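This report refers to the structure that appears directly beneath it.
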Amino acid sequence: MSARSELRFPETFVWGAATAAYQIEGAAREDGRGPSIWDIFSRTPGKVFQGHTGDVACDHYHRYADDVALMAELGLRTYRFSIAWPRIQPDGTGPVNPRGLDFYDRLVDALLSRGIDPFVTLYHWDLPQALQDRGGWTNRETAEHFADYAVAVHGRLGDRVRTWTTLNEPWCSAYLGYGNGVHAPGEQDAGAAFRAVHHLLLGHGLATRALRAVGVATLGITLNPADVQPADAGSEADAAAVRLVDGLQNRIFLDPLTGAGYPDDVLAQVARHVEPTFVRGGDEKIIAAPIDLLGVNYYSPTYVAGRVGGAGGSAYPGTAGVVEFLPPVGPLTEMGWSIEPAGLTRLLERIGVDYPGLPLMITENGGAFPDKTGAEDPDATGRVADTDRVAYLDGHLRAVHRAIARGVDVRGYLVWSLLDNFEWAEGYRKRFGIVHVDYLTQRRTPKESARWYQEVISRNGL
Ligand code: PNW
(Lines give C-alpha, C1' and ligand atoms only; values in the text may rest on other atoms or scores of the structure.)
Protein backbone atom coordinates (compact mmCIF):
# COMPACT_ATOMS: atom_id res chain seq x y z
CA MET A 1 0.00 0.00 0.00
CA SER A 2 2.85 2.38 0.79
CA ALA A 3 4.00 2.74 -2.81
CA ARG A 4 0.55 4.06 -3.70
CA SER A 5 -0.01 6.06 -0.53
CA GLU A 6 0.00 9.50 -2.05
CA LEU A 7 -3.63 9.82 -3.02
CA ARG A 8 -4.99 12.73 -1.00
CA PHE A 9 -8.57 13.96 -0.93
CA PRO A 10 -9.68 17.60 -0.70
CA GLU A 11 -9.24 19.13 2.76
CA THR A 12 -13.00 19.52 3.20
CA PHE A 13 -13.77 15.96 2.07
CA VAL A 14 -16.31 14.27 4.36
CA TRP A 15 -15.64 10.73 5.60
CA GLY A 16 -18.20 8.53 7.25
CA ALA A 17 -20.47 5.54 7.28
CA ALA A 18 -24.16 4.88 6.72
CA THR A 19 -26.94 2.71 8.11
CA ALA A 20 -30.74 2.62 7.98
CA ALA A 21 -33.30 2.36 10.77
CA TYR A 22 -35.05 -0.91 9.95
CA GLN A 23 -31.75 -2.59 9.16
CA ILE A 24 -30.12 -1.97 12.54
CA GLU A 25 -32.45 -0.62 15.23
CA GLY A 26 -34.57 -3.56 16.36
CA ALA A 27 -36.93 -2.54 19.21
CA ALA A 28 -39.72 -2.91 16.69
CA ARG A 29 -42.50 -2.57 19.25
CA GLU A 30 -40.90 -0.20 21.68
CA ASP A 31 -41.82 3.30 22.80
CA GLY A 32 -44.91 3.49 20.69
CA ARG A 33 -43.46 2.53 17.30
CA GLY A 34 -46.15 1.46 14.85
CA PRO A 35 -45.77 -1.27 12.24
CA SER A 36 -44.05 -0.50 8.96
CA ILE A 37 -44.42 -2.22 5.62
CA TRP A 38 -41.21 -4.13 6.35
CA ASP A 39 -42.64 -5.61 9.56
CA ILE A 40 -45.52 -6.98 7.53
CA PHE A 41 -43.52 -7.96 4.46
CA SER A 42 -40.83 -9.81 6.43
CA ARG A 43 -43.59 -11.91 8.01
CA THR A 44 -45.06 -12.82 4.64
CA PRO A 45 -43.90 -16.36 3.86
CA GLY A 46 -41.27 -16.58 1.14
CA LYS A 47 -40.43 -12.88 0.99
CA VAL A 48 -37.32 -12.66 3.17
CA PHE A 49 -34.56 -15.26 3.52
CA GLN A 50 -35.58 -17.74 6.24
CA GLY A 51 -38.25 -15.37 7.48
CA HIS A 52 -35.74 -13.01 9.06
CA THR A 53 -37.19 -9.75 10.42
CA GLY A 54 -35.88 -6.49 11.83
CA ASP A 55 -37.45 -7.16 15.24
CA VAL A 56 -34.06 -7.23 16.96
CA ALA A 57 -31.54 -6.57 14.16
CA CYS A 58 -28.38 -5.06 15.71
CA ASP A 59 -30.33 -3.86 18.75
CA HIS A 60 -28.91 -0.44 17.95
CA TYR A 61 -31.93 1.19 19.60
CA HIS A 62 -30.51 0.08 22.96
CA ARG A 63 -26.84 0.03 22.03
CA TYR A 64 -26.57 3.33 20.19
CA ALA A 65 -24.24 4.83 22.79
CA ASP A 66 -21.71 2.01 22.37
CA ASP A 67 -22.10 2.20 18.62
CA VAL A 68 -21.40 5.92 18.64
CA ALA A 69 -18.31 5.28 20.79
CA LEU A 70 -17.17 2.79 18.17
CA MET A 71 -17.71 5.35 15.40
CA ALA A 72 -15.59 7.82 17.35
CA GLU A 73 -12.87 5.21 17.80
CA LEU A 74 -12.84 4.67 14.03
CA GLY A 75 -12.55 8.39 13.47
CA LEU A 76 -15.78 8.82 11.48
CA ARG A 77 -16.55 12.47 10.82
CA THR A 78 -20.10 11.90 9.61
CA TYR A 79 -22.73 9.30 10.35
CA ARG A 80 -25.68 8.89 8.01
CA PHE A 81 -28.68 7.19 9.63
CA SER A 82 -32.38 7.13 8.86
CA ILE A 83 -35.39 8.05 10.94
CA ALA A 84 -38.12 5.42 11.28
CA TRP A 85 -41.33 7.22 10.29
CA PRO A 86 -43.45 4.72 12.28
CA ARG A 87 -41.60 5.70 15.46
CA ILE A 88 -42.53 9.34 14.87
CA GLN A 89 -46.08 8.82 13.59
CA PRO A 90 -47.18 5.26 14.36
CA ASP A 91 -50.13 5.61 11.96
CA GLY A 92 -48.27 7.74 9.44
CA THR A 93 -50.28 10.88 10.12
CA GLY A 94 -51.37 13.01 13.03
CA PRO A 95 -49.73 13.87 16.31
CA VAL A 96 -46.11 12.91 16.80
CA ASN A 97 -45.03 10.28 19.26
CA PRO A 98 -42.51 12.13 21.45
CA ARG A 99 -40.84 8.93 22.66
CA GLY A 100 -39.92 8.11 19.07
CA LEU A 101 -38.29 11.48 18.62
CA ASP A 102 -36.55 11.12 21.98
CA PHE A 103 -34.46 8.27 20.62
CA TYR A 104 -33.09 10.32 17.72
CA ASP A 105 -32.60 13.25 20.05
CA ARG A 106 -30.35 11.09 22.24
CA LEU A 107 -28.55 9.69 19.20
CA VAL A 108 -27.86 13.15 17.76
CA ASP A 109 -26.54 14.41 21.09
CA ALA A 110 -24.30 11.36 21.45
CA LEU A 111 -22.89 11.96 17.96
CA LEU A 112 -22.30 15.66 18.55
CA SER A 113 -20.62 15.02 21.88
CA ARG A 114 -18.09 12.88 19.96
CA GLY A 115 -17.63 15.43 17.21
CA ILE A 116 -19.48 13.34 14.62
CA ASP A 117 -21.72 15.20 12.19
CA PRO A 118 -25.22 13.68 12.06
CA PHE A 119 -26.62 13.18 8.55
CA VAL A 120 -30.32 12.34 8.51
CA THR A 121 -32.18 10.34 5.88
CA LEU A 122 -35.87 10.94 6.43
CA TYR A 123 -37.11 7.89 4.56
CA HIS A 124 -35.25 4.63 4.08
CA TRP A 125 -38.15 2.39 3.07
CA ASP A 126 -40.03 1.80 6.34
CA LEU A 127 -43.40 3.31 5.43
CA PRO A 128 -46.00 3.17 8.20
CA GLN A 129 -48.27 0.23 7.37
CA ALA A 130 -51.32 2.39 8.02
CA LEU A 131 -50.39 4.47 4.97
CA GLN A 132 -49.83 1.36 2.89
CA ASP A 133 -53.33 0.26 3.83
CA ARG A 134 -54.43 3.39 1.94
CA GLY A 135 -52.29 2.63 -1.12
CA GLY A 136 -48.88 3.67 0.14
CA TRP A 137 -46.80 5.49 -2.46
CA THR A 138 -49.42 4.85 -5.14
CA ASN A 139 -51.60 7.30 -3.23
CA ARG A 140 -50.84 10.99 -3.75
CA GLU A 141 -51.75 11.77 -0.14
CA THR A 142 -48.70 9.85 1.07
CA ALA A 143 -46.53 12.58 -0.47
CA GLU A 144 -48.35 15.21 1.58
CA HIS A 145 -48.09 13.15 4.76
CA PHE A 146 -44.37 12.76 4.13
CA ALA A 147 -43.89 16.53 4.10
CA ASP A 148 -45.73 16.82 7.44
CA TYR A 149 -43.56 14.10 8.92
CA ALA A 150 -40.39 15.78 7.62
CA VAL A 151 -41.30 19.04 9.30
CA ALA A 152 -42.06 17.25 12.57
CA VAL A 153 -38.63 15.62 12.60
CA HIS A 154 -36.90 18.85 11.69
CA GLY A 155 -38.77 20.63 14.46
CA ARG A 156 -37.06 18.40 16.99
CA LEU A 157 -33.62 17.87 15.42
CA GLY A 158 -33.18 20.86 13.11
CA ASP A 159 -31.31 22.90 15.73
CA ARG A 160 -28.49 20.31 15.72
CA VAL A 161 -28.66 18.38 12.43
CA ARG A 162 -27.29 20.30 9.46
CA THR A 163 -27.41 17.72 6.67
CA TRP A 164 -30.65 16.10 5.50
CA THR A 165 -31.79 13.91 2.65
CA THR A 166 -35.43 13.25 2.00
CA LEU A 167 -35.52 9.82 0.37
CA ASN A 168 -33.13 6.94 0.01
CA GLU A 169 -33.19 5.28 -3.41
CA PRO A 170 -36.75 5.95 -4.54
CA TRP A 171 -35.98 3.63 -7.49
CA CYS A 172 -35.94 0.72 -5.03
CA SER A 173 -39.06 1.87 -3.19
CA ALA A 174 -40.99 2.14 -6.45
CA TYR A 175 -39.70 -0.61 -8.72
CA LEU A 176 -38.80 -3.27 -6.14
CA GLY A 177 -41.64 -2.36 -3.78
CA TYR A 178 -44.50 -1.93 -6.29
CA GLY A 179 -43.10 -3.24 -9.59
CA ASN A 180 -41.51 -6.65 -9.09
CA GLY A 181 -42.44 -7.12 -5.44
CA VAL A 182 -38.97 -8.10 -4.21
CA HIS A 183 -39.21 -5.44 -1.48
CA ALA A 184 -42.06 -4.26 0.74
CA PRO A 185 -44.93 -3.83 0.21
CA GLY A 186 -44.49 -6.55 -2.43
CA GLU A 187 -46.88 -5.34 -5.10
CA GLN A 188 -46.31 -6.49 -8.68
CA ASP A 189 -47.73 -3.90 -11.01
CA ALA A 190 -45.68 -1.70 -13.37
CA GLY A 191 -48.34 1.00 -13.33
CA ALA A 192 -48.22 1.11 -9.54
CA ALA A 193 -44.42 1.41 -9.72
CA PHE A 194 -44.68 4.51 -11.91
CA ARG A 195 -47.34 6.06 -9.70
CA ALA A 196 -44.97 5.42 -6.79
CA VAL A 197 -42.05 7.05 -8.63
CA HIS A 198 -44.09 10.19 -9.11
CA HIS A 199 -45.48 10.35 -5.60
CA LEU A 200 -42.05 9.72 -4.09
CA LEU A 201 -40.65 12.61 -6.15
CA LEU A 202 -43.62 14.74 -5.21
CA GLY A 203 -43.10 13.86 -1.56
CA HIS A 204 -39.47 14.87 -1.90
CA GLY A 205 -40.52 18.18 -3.47
CA LEU A 206 -43.21 18.95 -0.92
CA ALA A 207 -40.87 18.08 1.95
CA THR A 208 -38.12 20.20 0.41
CA ARG A 209 -40.43 23.18 0.11
CA ALA A 210 -41.66 22.73 3.69
CA LEU A 211 -38.16 22.26 5.11
CA ARG A 212 -36.87 25.35 3.33
CA ALA A 213 -39.67 27.31 4.95
CA VAL A 214 -38.44 26.26 8.39
CA GLY A 215 -34.80 27.04 7.58
CA VAL A 216 -33.21 23.65 6.91
CA ALA A 217 -29.45 23.98 6.44
CA THR A 218 -28.33 21.49 3.78
CA LEU A 219 -30.89 19.37 1.97
CA GLY A 220 -30.82 16.78 -0.77
CA ILE A 221 -31.98 13.39 -1.94
CA THR A 222 -30.15 10.08 -2.32
CA LEU A 223 -30.54 8.09 -5.54
CA ASN A 224 -29.05 4.86 -6.81
CA PRO A 225 -28.27 6.02 -10.31
CA ALA A 226 -26.93 3.29 -12.55
CA ASP A 227 -23.84 3.21 -14.70
CA VAL A 228 -25.57 1.63 -17.71
CA GLN A 229 -23.21 0.32 -20.38
CA PRO A 230 -23.80 -1.36 -23.74
CA ALA A 231 -22.64 -4.94 -24.31
CA ASP A 232 -21.18 -3.72 -27.62
CA ALA A 233 -20.18 -0.08 -27.83
CA GLY A 234 -20.67 -0.09 -31.60
CA SER A 235 -24.19 -1.54 -31.61
CA GLU A 236 -27.17 0.72 -32.23
CA ALA A 237 -29.53 -1.81 -30.70
CA ASP A 238 -27.43 -1.86 -27.54
CA ALA A 239 -27.38 1.93 -27.45
CA ALA A 240 -31.19 1.92 -27.58
CA ALA A 241 -31.27 -0.57 -24.68
CA VAL A 242 -28.95 1.69 -22.69
CA ARG A 243 -31.23 4.65 -23.35
CA LEU A 244 -34.30 2.73 -22.20
CA VAL A 245 -32.73 1.50 -18.96
CA ASP A 246 -31.04 4.84 -18.32
CA GLY A 247 -34.43 6.50 -18.70
CA LEU A 248 -36.10 4.14 -16.24
CA GLN A 249 -33.42 4.38 -13.60
CA ASN A 250 -31.64 7.71 -14.03
CA ARG A 251 -33.40 10.32 -16.12
CA ILE A 252 -36.85 9.60 -14.65
CA PHE A 253 -35.47 10.97 -11.35
CA LEU A 254 -32.64 13.31 -12.31
CA ASP A 255 -34.43 15.25 -15.03
CA PRO A 256 -37.45 16.32 -12.97
CA LEU A 257 -35.28 16.93 -9.89
CA THR A 258 -33.10 19.34 -11.86
CA GLY A 259 -35.95 21.22 -13.50
CA ALA A 260 -36.13 19.56 -16.91
CA GLY A 261 -39.35 17.67 -16.19
CA TYR A 262 -39.94 14.06 -17.17
CA PRO A 263 -38.22 13.17 -20.48
CA ASP A 264 -40.62 12.47 -23.35
CA ASP A 265 -39.22 9.01 -24.08
CA VAL A 266 -39.66 8.06 -20.41
CA LEU A 267 -43.23 9.34 -20.33
CA ALA A 268 -43.91 7.26 -23.43
CA GLN A 269 -42.63 4.18 -21.57
CA VAL A 270 -44.81 5.00 -18.57
CA ALA A 271 -47.85 5.42 -20.82
CA ARG A 272 -47.47 1.83 -22.04
CA HIS A 273 -48.37 0.67 -18.52
CA VAL A 274 -50.53 3.40 -17.04
CA GLU A 275 -52.08 6.67 -18.15
CA PRO A 276 -49.88 9.24 -16.40
CA THR A 277 -52.82 11.35 -15.24
CA PHE A 278 -51.34 11.23 -11.73
CA VAL A 279 -48.82 13.84 -12.94
CA ARG A 280 -50.71 17.06 -12.34
CA GLY A 281 -49.98 20.56 -13.52
CA GLY A 282 -47.54 22.17 -11.10
CA ASP A 283 -46.07 18.91 -9.86
CA GLU A 284 -42.90 19.20 -11.88
CA LYS A 285 -42.28 22.64 -10.44
CA ILE A 286 -42.60 21.26 -6.90
CA ILE A 287 -40.24 18.38 -7.69
CA ALA A 288 -37.68 20.80 -9.12
CA ALA A 289 -37.22 22.65 -5.83
CA PRO A 290 -33.46 23.33 -5.69
CA ILE A 291 -31.35 20.93 -3.65
CA ASP A 292 -27.92 21.43 -2.10
CA LEU A 293 -26.64 17.92 -2.44
CA LEU A 294 -27.25 14.79 -4.49
CA GLY A 295 -26.47 11.56 -2.67
CA VAL A 296 -25.17 8.83 -4.95
CA ASN A 297 -25.30 5.18 -3.91
CA TYR A 298 -23.18 2.93 -6.11
CA TYR A 299 -22.39 -0.77 -5.93
CA SER A 300 -22.01 -2.23 -9.42
CA PRO A 301 -22.47 -1.37 -13.11
CA THR A 302 -25.27 -2.57 -15.41
CA TYR A 303 -24.55 -3.99 -18.87
CA VAL A 304 -27.36 -4.33 -21.39
CA ALA A 305 -27.89 -5.44 -24.95
CA GLY A 306 -30.78 -4.67 -27.27
CA ARG A 307 -32.18 -8.05 -28.19
CA VAL A 308 -35.52 -9.13 -29.66
CA GLY A 309 -36.94 -11.68 -27.23
CA GLY A 310 -34.51 -10.59 -24.49
CA ALA A 311 -35.51 -11.59 -20.97
CA GLY A 312 -35.49 -7.99 -19.71
CA GLY A 313 -35.26 -7.23 -16.02
CA SER A 314 -38.14 -7.68 -13.60
CA ALA A 315 -37.22 -4.39 -11.95
CA TYR A 316 -37.41 -2.52 -15.29
CA PRO A 317 -40.96 -2.36 -16.68
CA GLY A 318 -41.11 -2.65 -20.45
CA THR A 319 -37.70 -4.26 -20.94
CA ALA A 320 -38.95 -7.83 -21.42
CA GLY A 321 -38.67 -8.79 -25.08
CA VAL A 322 -36.29 -5.99 -26.00
CA VAL A 323 -33.42 -5.91 -23.51
CA GLU A 324 -31.01 -8.54 -22.27
CA PHE A 325 -29.25 -7.75 -18.99
CA LEU A 326 -25.81 -9.32 -19.18
CA PRO A 327 -24.92 -11.70 -16.38
CA PRO A 328 -22.39 -10.13 -14.01
CA VAL A 329 -18.79 -11.11 -14.66
CA GLY A 330 -16.41 -12.00 -11.86
CA PRO A 331 -15.08 -11.14 -9.42
CA LEU A 332 -18.44 -10.91 -7.68
CA THR A 333 -19.52 -9.88 -4.21
CA GLU A 334 -21.71 -12.14 -2.08
CA MET A 335 -24.70 -10.35 -3.61
CA GLY A 336 -23.61 -11.63 -7.01
CA TRP A 337 -22.78 -8.08 -8.08
CA SER A 338 -19.72 -7.54 -10.25
CA ILE A 339 -16.91 -5.39 -8.87
CA GLU A 340 -16.05 -2.58 -11.23
CA PRO A 341 -14.74 0.65 -9.66
CA ALA A 342 -14.45 2.27 -13.10
CA GLY A 343 -18.24 2.26 -13.19
CA LEU A 344 -18.27 4.70 -10.28
CA THR A 345 -15.90 7.09 -12.05
CA ARG A 346 -18.04 6.91 -15.21
CA LEU A 347 -21.23 7.46 -13.24
CA LEU A 348 -19.89 10.49 -11.35
CA GLU A 349 -18.50 12.04 -14.53
CA ARG A 350 -21.77 11.49 -16.35
CA ILE A 351 -23.81 13.15 -13.61
CA GLY A 352 -21.28 15.96 -13.41
CA VAL A 353 -21.59 16.61 -17.15
CA ASP A 354 -25.33 16.07 -17.67
CA TYR A 355 -26.49 17.69 -14.41
CA PRO A 356 -23.89 20.39 -13.76
CA GLY A 357 -23.81 22.46 -10.61
CA LEU A 358 -25.05 19.71 -8.33
CA PRO A 359 -22.66 18.88 -5.47
CA LEU A 360 -22.41 15.10 -5.10
CA MET A 361 -21.73 12.85 -2.16
CA ILE A 362 -21.25 9.09 -2.16
CA THR A 363 -23.90 8.26 0.43
CA GLU A 364 -23.39 4.48 0.08
CA ASN A 365 -20.71 2.22 -1.34
CA GLY A 366 -19.48 -1.11 -0.08
CA GLY A 367 -19.75 -4.83 -0.48
CA ALA A 368 -21.01 -8.00 1.11
CA PHE A 369 -18.21 -10.52 1.53
CA PRO A 370 -17.49 -13.50 3.70
CA ASP A 371 -14.31 -13.37 5.71
CA LYS A 372 -11.41 -15.40 4.39
CA THR A 373 -12.40 -18.55 6.21
CA GLY A 374 -15.86 -18.27 4.71
CA ALA A 375 -17.37 -18.54 8.15
CA GLU A 376 -18.36 -14.88 8.29
CA ASP A 377 -17.26 -14.82 11.90
CA PRO A 378 -14.14 -13.74 13.75
CA ASP A 379 -11.36 -16.31 13.73
CA ALA A 380 -9.78 -17.82 16.85
CA THR A 381 -7.79 -14.64 17.46
CA GLY A 382 -10.88 -12.46 17.11
CA ARG A 383 -9.93 -11.11 13.69
CA VAL A 384 -12.20 -10.72 10.70
CA ALA A 385 -9.80 -10.70 7.79
CA ASP A 386 -12.06 -9.13 5.19
CA THR A 387 -9.36 -8.46 2.63
CA ASP A 388 -11.92 -8.56 -0.20
CA ARG A 389 -13.78 -5.65 1.36
CA VAL A 390 -10.58 -3.66 1.82
CA ALA A 391 -9.78 -4.19 -1.85
CA TYR A 392 -13.31 -3.21 -2.86
CA LEU A 393 -13.26 -0.01 -0.82
CA ASP A 394 -9.74 0.88 -1.88
CA GLY A 395 -10.63 0.46 -5.55
CA HIS A 396 -13.80 2.52 -5.26
CA LEU A 397 -12.11 5.32 -3.34
CA ARG A 398 -9.53 5.53 -6.11
CA ALA A 399 -12.44 5.72 -8.54
CA VAL A 400 -13.94 8.63 -6.58
CA HIS A 401 -10.57 10.35 -6.48
CA ARG A 402 -10.24 9.98 -10.25
CA ALA A 403 -13.63 11.64 -10.76
CA ILE A 404 -12.62 14.52 -8.49
CA ALA A 405 -9.35 14.91 -10.40
CA ARG A 406 -11.42 15.17 -13.59
CA GLY A 407 -13.39 18.02 -12.09
CA VAL A 408 -16.47 16.36 -10.62
CA ASP A 409 -17.68 18.03 -7.40
CA VAL A 410 -17.73 15.09 -4.96
CA ARG A 411 -17.93 16.27 -1.37
CA GLY A 412 -17.59 13.06 0.60
CA TYR A 413 -17.80 9.30 0.94
CA LEU A 414 -19.91 7.22 3.31
CA VAL A 415 -19.24 3.50 3.47
CA TRP A 416 -22.14 1.06 3.49
CA SER A 417 -22.26 -0.05 6.14
CA LEU A 418 -21.03 0.63 9.65
CA LEU A 419 -22.49 -2.65 10.92
CA ASP A 420 -23.49 -5.98 9.47
CA ASN A 421 -27.27 -5.68 9.33
CA PHE A 422 -30.65 -6.81 7.98
CA GLU A 423 -30.04 -6.88 4.23
CA TRP A 424 -33.73 -6.61 3.23
CA ALA A 425 -34.92 -9.65 1.24
CA GLU A 426 -31.58 -11.34 1.97
CA GLY A 427 -32.05 -11.17 5.72
CA TYR A 428 -28.91 -11.38 7.85
CA ARG A 429 -27.00 -13.72 5.59
CA LYS A 430 -25.32 -10.93 3.61
CA ARG A 431 -22.85 -8.89 5.62
CA PHE A 432 -21.94 -5.38 4.45
CA GLY A 433 -20.45 -4.07 7.70
CA ILE A 434 -16.95 -2.85 8.37
CA VAL A 435 -17.88 -3.95 11.89
CA HIS A 436 -18.92 -7.55 12.42
CA VAL A 437 -22.07 -8.22 14.44
CA ASP A 438 -22.57 -11.52 16.24
CA TYR A 439 -26.35 -11.71 16.24
CA LEU A 440 -26.45 -14.14 19.18
CA THR A 441 -24.52 -11.91 21.56
CA GLN A 442 -24.74 -8.54 19.74
CA ARG A 443 -21.00 -8.33 20.11
CA ARG A 444 -19.36 -5.88 17.69
CA THR A 445 -15.93 -6.66 16.22
CA PRO A 446 -14.27 -4.15 13.92
CA LYS A 447 -13.11 -5.99 10.82
CA GLU A 448 -9.75 -5.30 9.20
CA SER A 449 -11.61 -3.04 6.79
CA ALA A 450 -12.64 -0.85 9.74
CA ARG A 451 -9.01 -0.46 10.84
CA TRP A 452 -7.99 0.22 7.27
CA TYR A 453 -10.75 2.85 6.89
CA GLN A 454 -9.72 4.47 10.17
CA GLU A 455 -6.26 4.89 8.66
CA VAL A 456 -7.65 6.29 5.40
CA ILE A 457 -9.67 8.87 7.30
CA SER A 458 -6.78 9.91 9.50
CA ARG A 459 -4.55 10.40 6.44
CA ASN A 460 -7.34 11.89 4.34
CA GLY A 461 -6.23 9.58 1.61
CA LEU A 462 -4.85 6.31 0.43
C1 PNW B 1 -29.22 -0.24 -1.05
N2 PNW B 1 -30.85 -3.65 -6.30
O3 PNW B 1 -30.15 -1.17 -1.44
C4 PNW B 1 -29.81 0.34 0.21
O5 PNW B 1 -29.83 1.73 0.28
C6 PNW B 1 -29.28 -0.27 1.47
O7 PNW B 1 -30.27 -0.21 2.45
C8 PNW B 1 -28.82 -1.69 1.20
O9 PNW B 1 -28.49 -2.39 2.36
C10 PNW B 1 -27.64 -1.59 0.25
O11 PNW B 1 -27.98 -0.86 -0.93
C12 PNW B 1 -27.06 -2.93 -0.15
O13 PNW B 1 -27.98 -3.69 -0.87
C14 PNW B 1 -30.25 -1.76 -2.67
O15 PNW B 1 -31.48 -4.73 -6.34
C16 PNW B 1 -30.93 -2.97 -2.73
O17 PNW B 1 -30.42 -3.13 -7.35
C18 PNW B 1 -31.14 -3.59 -3.93
C19 PNW B 1 -30.66 -3.02 -5.08
C20 PNW B 1 -29.99 -1.81 -5.03
C21 PNW B 1 -29.77 -1.19 -3.82
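First listed ligand is number 1; within each ligand, the first listed atom is number 1. Please read all numbers here as calculations on a predicted model, not as lab measurements. Residues take their numbers from the sequence shown, with the count starting at 1.
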Open item on the list: Distance under 4.0 Å, heavy atoms only, partner ligand 1: which residues pass?
Closed with: Gln23, His124, Trp125, Asn168, Glu169, Trp171, Cys172, Leu176, Asn297, Tyr299, Trp337, Glu364, Trp416, Glu423, Trp424, Phe432
TODO: Just say parallel, tilted or perpendicular for the rings of Tyr79 and Phe81, cut-offs at 30° and 60°.
DONE: parallel
Open item on the list: Could you walk me through whether Val435 and Lys447 satisfy the side chain to side chain contact (heavy atoms under 4.5 Å, CB included) test, starting with their C-alpha distance in whole Å, then the side-chain angles of each, then the deciding distance to 0.1 Å, before giving a yes or no?
Closed with: CA-CA 5 Å; Val435 175; Lys447 305 178 190 180; 5.8 Å; no
Open item on the list: Less than 4.5 Å apart, side chain to side chain, heavy atoms only: is that true for Pro378 and His436?
Closed with: yes
Open item on the list: Within this structure, what is the CD1-OH distance for the pair Ile457 and Tyr413, rounded to the nearest 0.5 Å?
Closed with: 10.5 Å
- [ ] Determine which pairs satisfy salt bridge (Lys or Arg N to Asp or Glu O under 4.0 Å) with at least one residue from residues 190-202, sequence neighbours left out, and list them in order.
- [x] none
Task: side-chain contact (heavy atoms from CB on, under 4.5 Å), paired with Leu360, selected from Val400, Ile404, Ile351 - done: Ile351
